[in-house]
Amino acid sequence: MGMKQVIKNLDAFPRAEDHLLQKTQSGALVSVIGLIIMATLFVHELGYYLTTYTVHQMSVDLKRGETLPIHINMTFPSLPCDVLSVDAIDMSGKHEVDLDTNIWKLRLNSYGHIIGTEYVSDLVEKEHTHHKHDDNKNHEHSEQKIHLQNLDESTENIIKKVKEALKNGEGCRVYGVLDVQRVAGNFHISVHGLNIYVAQMIFDGAKNVNVSHFIHDLSFGPKYPGLHNPLDDTTRILHDTSGTFKYYIKVVPTEYRYISKEVLPTNQFSVSEYYSPINQFDRTWPAVYFLYDLSPITVTIKEERRSFFHFITRLCAVLGGTFAVTGMLDRWMYRLLETLTKSKSKR
């Protein structure tokens, strides 16, 4: 009998007899408020448990011999598609002029609406044909004798076509993917694909080449949740001037590991910008350069989920704390109402 009494004394939840329990309206109000608060906190904690969070880790980049995909989507509102070319050069000396890449051009009218499309590789091959023709001509004639009547008929037609497009306010949207070697390099969009004399006849000097542009999207691989590319939706507009834009990009190799164990290899990057205005003594032509270098460090981003025991611990703490606070509030309200009732009865 003594042992049972000792065990009863350990009871942390003593029961009061039913006739001693008193239910009040204030207690009911506090109970309803407490239940609403606990239900809200339960839903919040459940959502917190079900959502994933990311953990970042860094290691030395061990990748070799792979290509680097560059996704570009840009608009040049003041330059026709016929004069734009996309070149890629890397540190190994390899120079690609869109012959093996998937790059497209969309002709735009002065209102930005699409009026035609062309594949850049076809245009580049045409430009190379003109280059070869002009080079052969240079061997046969001195540079001083090269002028409009010495150009072939197809070149004259291109000049007339481009001048008409400039007069009509045509622009060009360039988009696609460049697959370059995984070494430092640059790619640029410019009028460099034109013969220098042809470019001079079209624009009457480098100062009239307006390289205003919109960067809708520029990335170095597929996007993962939470990624923000710093050059997306960038706008650079020039008025009555021209020059060269240079974007210096540091590419960071990245692996994103989903909670499902799927691995997404991609890249993120940081960028700084420099603009060099053209002057009458410059012999270079305006362009938009993207100079990139690769970081030797790989960032691994892992999706993880909180443990079930972590969820239960937080849930017990939140619900238990709410129950204790509402109990204290109920007692305070009961005593306050009791005091007010007694003071009224004395009067």
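Note: hydrogens, waters and symmetry copies are ignored here, and every other heavy atom, side chains too, is used.
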Phe311-Phe309 aromatic ring centre distance below 6.0 Å
no
Is there a path of hydrophobic side-chain contacts, each under 4.5 Å between heavy atoms of I/L/V/M/F/W/Y residues, joining Val299 to Leu264?
yes
Side chains of His188 and Asn186: is there a donor and an acceptor less than 3.5 Å apart?
yes
Backbone N or O of Leu178 within a donor-acceptor pair of the Asn102 side chain at under 3.5 Å?
no
N-O pairing of Arg107 and Glu170 below 4.0 Å:
yes
Closer than 3.5 angstrom, by distance alone: can the side chain of Thr266 be matched with the main-chain N or O of Pro222 as a donor-acceptor pair?
yes
Where the side chain of Asn208 meets the backbone of Asp204, is there a donor-acceptor pair that is under 3.5 Å apart?
yes
Counting the benzene-type ring for Trp, do Phe220 and Phe269 have ring centres under 6.0 Å apart?
yes
Can His216 and Thr75 be counted as having a side-chain donor-acceptor contact under 3.5 angstrom?
yes
Near-ring test Phe245/His213, centroid separation under 6.0 angstrom:
yes
Could you walk me through whether Ile189 and Val211 pass side-chain contact (heavy atoms from CB on, under 4.5 Å), step by step?
CA-CA 9 Å; Ile189 304 176; Val211 291; over 6 Å; no
hydrophobic_cluster_shared for Trp285 and Leu166, side chain cutoff 4.5 Å:
yes
Tyr49 backbone acceptor or donor facing Thr51 side chain under 3.5 Å:
no
Using distance alone, with no hydrogens and no angle criterion, decide if Glu303 and Thr54 have a side-chain donor and acceptor under 3.5 Å apart.
no
Note, Glu45 side chain near Val318 side chain (heavy atom, < 4.5 Å):
yes
So do Lys105 and Arg173 actually touch side chain to side chain, heavy atoms under 4.5 Å?
no
Quick check: closest heavy atoms across Ile278 and Ala206, and the distance to 0.1 Å?
CG1-CB, 4.5 Å
Donor-acceptor pair, distance only, cut-off 3.5 Å: does the side chain of Asp61 make one with the backbone of Lys63?
yes
Joint cluster assignment, Leu41 & Leu329, ILVMFWY side-chain distance < 4.5 Å
no
Worked verdict on Lys223 versus Asp217 for salt bridge (charged side-chain N to carboxylate O under 4.0 Å, His left out)
CA-CA 11 Å; Lys223 294 185 178 181; Asp217 175 68; 3.3 Å; yes
Glu255 vs Lys302, salt bridge (charged side-chain N to carboxylate O under 4.0 Å, His left out): CA-CA, chis, key distance, verdict
CA-CA 8 Å; Glu255 282 188 353; Lys302 293 182 179 180; over 6 Å; no
Give a yes or no on this: more than 12 heavy atoms of other residues, nucleotides or ligands lie within 6.0 Å of atom NZ of Lys160.
no
Side chains of Tyr53 and Arg306, donor plus acceptor under 3.5 Å
no
Do any N or O atoms from the side chain of Asn109 and from the backbone of Gly112 form a donor-acceptor pair under 3.5 angstrom?
yes
